[in-house]
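Note that this is a predicted model, so its numbers are computed, not measured. The chains referred to below are lettered A, B, ... by the order of the sequence lines, with proteins before strands, and numbering in each begins at 1.
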Amino acid sequence: MSTLTISDLQVSVETDQGSKPILRGVDLTINEGEIHAIMGPNGSGKSTLAYAIAGHPKYTVDGGSITLDGEDVLAMSVDERARAGLFLAMQYPVEIPGVTNSNFLRTAKTAIDGEAPAIRGWIKDVRSSMERLRMDSSFAERNVNEGFSGGEKKRNEILQLELLKPRFAVLDETDSGLDVDALKIVSEGVNRAKETTGLGIMLITHYTRILRYIQPDFVHVFVAGRIAEQGGRELADRLEEEGYDRFLPSGVA
Amino acid sequence: MTDSTENTEITSLATPSGDTAVEVTGTGTRAAIISDATTRHAAVPVQTRNARFTSTEVADFPAVTGREGNWKLTPVDRIRELLDGALDGTAYPVVAEPSPGVDVRWVDRTDARIGLGGIPEDRASANAWSGFGAALAITLSGEEHTELTVARSEFGSAPRAAHTIVEAKPFSDSLVVLDNSGPALLVENVEILVGDGAKLTLVTVQDFDGDARYLANHFARVGRDATFKHVVVSLGGSVVRVNPSATLAEPGADGELLGVYFADAGQHLEQQVFLFHQAANTRGRVNYKGALQGQGARSVWIGDVLIGPDASATDSYEQNRNLVLTDGTRADSIPNLEIETGDILGAGHASATGRFDDEQLFYLQSRGIPEAEARRLVVRGFLLDVIQRIGSADLEARLGAAIEAELAGGPR
């Protein structure tokens with residue numbers, strides 16, 4: 001069984017004002033097939049955690065470790081992490097002019113698998129995944145994320161999740177900016193990916209709304225760069241009632 | 001005197017470590033344009049872009065010093081033979097598949113169409129005009145869409161003049177590729193006549209040998225309700241300067257002037273573009289994109305847009321983007337916009353020169369694509385973005401492969 005282990009992770013971000021510490025010792029273990037919701041107020045470091053796992057160059061790891069089945073993830077380049085089985089569904093997917101989605105997907109699949117996918121099966125896989133995500137077939141020939149609406153970009157992320165079949169996926173506020181229909185479609189995609197491949201999921205969200213459609217096994221509340229409380233589903237329900245106030249300085253006082 | 005003049009000069013020198021990016025944008029409201037129009041120089045005579053001296057006689061132009069406005073960014077010492085010397089103006093080998101609605105033949109200097117497209121504005125262009133004996137005439141008359149490739153790879157390495165006429169008859173619909181390769185020490189004038197209601201896409205590919213030098217001036221006249229796309233693709237050659245000008249001469253004319261260039265070490269690739277909105281209800285788009293890689297790689301883009309006094313309800317936009325891939329490169333980008341009527345739909349310009357977008361790189365890498373391949377994808381995409389607008393899958397594939405080959409050359 002695959003395990004993603006994060007131990008005492010400390011991360012800072014490069015800003016114009018210099019280096020700013022964000023994560024102050026995060027401990028988290030995700031096993032294959034588990035869904036962990038990471039919840040927290042704005043600025044608590046949720047997205048930093050996502051980017052640090054993926055290896056974004058703007059973030060510097062100052063201490064701690066990330067391992068995937070014992071392998072040192074932090075020693076890997078961004079693309080090596082993806083090939084090792086990690087996937088980040090981004091909050092703001094990037095537009096890439098002049099590169100068609102189909103070319104991009106095939107190139108990524110080839111890189112992940114180490115060989116080009118068999119053409120017929122691949123085209124069928126892409127088409128049926130797109131259909132299930134209610135994406136018009138024209139999206140295959142459009143440039144990556146170019147001119148896509150917010151919801152279309154998120155579906156495109158989940159399309160990649162379904163096709164690239166990672167072992168662990170970090171979903172960074174995949175629910176933000178989605179209307180309820182799009183939220184259902186995207187959630188179905190995530191649940192489907194989990195059923196088919198049994199991947200482990202770190203679901204980062206500000207709101208409890210998406211947890212109606214994707215059932216978390218564990219809920220972690222993130223405050224000021226570390227996990228302040230953990231529990232099961234019931235913790236999310238409590239957050240829905242109370243909000244984050246009790247975790248914030250004013251709530252404490 | 002012009003009603004309003006906007007003239008912005010941006011010259012940027014950018015390297016990956018320097019992280020220089022320049023962005024200038026203008027928007028199309030009259031108030032915004034006029035409020036920007038602060039550059040009237042009392043001491044300098046006002047000269048609108050279409051008021052430059054023109055002549056077909058080389059002797060009418062003084063010797064080029066390299067300080068002239070239209071030569072100062074060009075390495076004139078590398079093209080002296082073309083500016084001053086005698087030129088061979090005879091016919092050269094041309095390969096073109098015959099097809100219905102297409103006529104390709106050599107004509108002499110008395111052909112009635114010569115001079116209808118435009119008249120030289122600089123000495124090299126006039127030298128070619130004075131020196132050509134035979135002109136290559138491509139006449140397009142088919143109303144069904146036709147595609148024609150005119151392959152020219154045997155210009156030779158002795159100084160040569162060429163004259164080319166591309167005439168799209170009214171309501172014809174064609175795509176013509178001037179596919180230039182091999183050795184060249186050549187200066188050429190290309191006259192393009194786009195008849196009423198015609199659709200013409202003219203692509204000129206410069207994929208010459210490494211030591212080739214090539215100067216070209218394209219003069220296009222676009223008729224009523226005609227659609228003209230002009231595409232400059234410059235990849236190979238030591239000095240390649242292609243200056244296209246297009247006059248949207250009749251109401252409803254639509255002109256898109258597009259370009260892609262990839263400058264390697266020591267290569268000088270230049271384009272001075274002029275789009276003239278002469279008639280009302282004309283639409284113009286200028287979009288050039290370039291990549292530079294290697295020591296001494298140099299590109300020059302000057303984009304002049306003139307909206308004449310009669311060109312009401314004009315819609316115009318021009319932009320240039322440069323991607324600098326290594327140290328030691330230089331991209332000059334100079335958009336000029338001149339507007340002589342306030343009654344327009346919109347006019348704008350933009351220019352940006354910068355390094356690689358790291359977020360695009362991160363996105364591709366986070367999907368498992370190795371860095372080198374991700375870079376190739378991004379650069380290829382950046383440049384092909386322009387080619388995609390031509391709407392020819394064959395051409396897109398071919399130019400894609402040519403750009404791949406440039407990238408595979410790597411920083412030298």
Side-chain angles (χ1 to χ4, degrees), chain A residues 14 50-59 76-101 103-114 141-147 153 156-157 159-161 163-167 169-170 172, chain B residues 16 19 231 233 258-260 262 287-291 319-323 350 352 354-391 393 395-397 399-404 406-407:
Chain A
E14 297 305 321
Y51 278 121
I53 294 169
H56 194 288
K58 215 171 71 181
Y59 298 88
M76 301 179 194
S77 66
V78 175
D79 48 300
E80 283 169 348
R81 295 179 195 202
R83 293 199 296 276
L86 297 177
F87 180 87
L88 169 61
M90 295 193 199
Q91 188 178 0
Y92 303 109
V94 180
E95 299 188 4
I96 306 181
V99 178
T100 62
N101 224 8
N103 181 19
F104 162 62
L105 291 170
R106 197 177 51 244
T107 307
K109 184 68 177 169
T110 304
I112 299 266
D113 289 2
E141 291 316 312
R142 285 172 64 180
N143 292 333
V144 178
N145 294 325
E146 199 178 55
K153 284 181 181 172
N156 207 33
E157 295 293 284
L159 175 67
Q160 294 165 47
L161 172 70
L163 293 169
L164 300 180
K165 304 192 187 334
R167 282 193 282 161
V170 179
D172 187 11
Chain B
D19 200 13
V231 190
V233 180
L258 309 173
V260 173
F262 195 117
N287 187 9
Y288 273 68
K289 283 183 145 185
Q319 67 168 331
N320 175 225
R321 297 258 183 271
N322 294 298
L323 189 56
R355 47 169 301 211
F356 215 80
D357 184 340
D358 289 333
E359 292 300 324
Q360 294 183 350
L361 197 61
F362 173 71
Y363 189 74
L364 294 173
Q365 280 191 267
S366 78
R367 294 332 184 217
I369 301 170
E371 181 178 348
E373 194 177 354
R375 273 180 190 280
R376 269 206 305 280
L377 264 182
V378 171
V379 177
R380 189 177 183 274
F382 172 80
L383 296 174
L384 278 187
D385 184 39
V386 174
I387 306 292
Q388 283 177 342
R389 285 161 219 257
I390 305 168
L395 196 64
E396 208 177 301
L399 295 176
I403 291 167
E404 292 277 352
E406 290 280 340
L407 285 165

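Between Glu359(B) and Lys58(A) no salt bridge is recorded (no basic side-chain N to carboxylate O distance below 4.0 Å).
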Subject >> From CA spacing to verdict: ring-ring contact (aromatic ring centres under 6.0 Å, His included), Tyr92(A), Tyr363(B) >> reply: CA-CA 10 Å; Tyr92(A) 303 109; Tyr363(B) 189 74; over 10 Å; no
Original post:
Could you go step by step and tell me if Ser366(B) and Arg81(A) meet the side chain to side chain contact (heavy atoms under 4.5 Å, CB included) rule?
Top reply: CA-CA 7 Å; Ser366(B) 78; Arg81(A) 295 179 195 202; over 6 Å; no
Subject >> Trace of the side chain to side chain contact (heavy atoms under 4.5 Å, CB included) decision for Leu377(B) with Asn103(A) >> reply: CA-CA 10 Å; Leu377(B) 264 182; Asn103(A) 181 19; 3.8 Å; yes
Original post:
Given Leu364(B) and Val99(A), is the side chain to side chain contact (heavy atoms under 4.5 Å, CB included) satisfied, shown in steps?
Top reply: CA-CA 11 Å; Leu364(B) 294 173; Val99(A) 178; 5.6 Å; no
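Residues that satisfy the ring-ring contact (aromatic ring centres under 6.0 Å, His included) test with Phe262(B), not counting sequence neighbours, are absent from this structure. With sequence neighbours excluded, no residue forms a side chain to side chain donor-acceptor pair (under 3.5 Å) with Arg142(A).
At least one donor-acceptor pair under 3.5 Å links the side chain of Arg367(B) to the backbone N or O of Leu88(A).
If you measure heavy-atom distances from Pro93(A) to chain B, the contacts under 4.5 Å come from both the backbone and the side chain. Only the side chain of Gln388(B) has a heavy atom closer than 4.5 Å to any heavy atom of chain A. Of the atoms belonging to Glu373(B), it is side-chain heavy atoms, and not backbone ones, that fall under 4.5 Å from chain A. Interface remark: Ile96(A) contributes backbone and side-chain atoms alike to the contact with chain B (heavy atom separation under 4.5 Å). Proximity to chain B is limited to the backbone of Glu95(A), based on heavy atoms less than 4.5 angstrom apart. When heavy atoms are compared at a cutoff of 4.5 Å, Asp113(A) does not approach chain B at all.
Note: Val94(A) leads Val94(A), Leu86(A), Leu164(A) in heavy-atom pairs under 4.5 Å with chain B.
Within the model, atoms CD1 of Ile369(B) and CZ of Arg83(A) stand 10.0 Å from one another, a figure rounded to the nearest 0.5 Å.
Residue-environment remark: CZ (Phe356(B)) exceeds the threshold of 12 foreign heavy atoms within 6.0 Å.
Minimum interatomic distance between Gly368(B) and Ala111(A) (heavy atoms only, all atoms of both residues): O-CB, 3.1 Å. For Asp79(A) against Gln365(B), the heavy-atom pair with the smallest separation is OD1-NE2, 2.7 Å.
Using a 30° and 60° split on the angle between ring planes, Tyr51(A) and Phe362(B) fall in the tilted class, from 30° to 60°.
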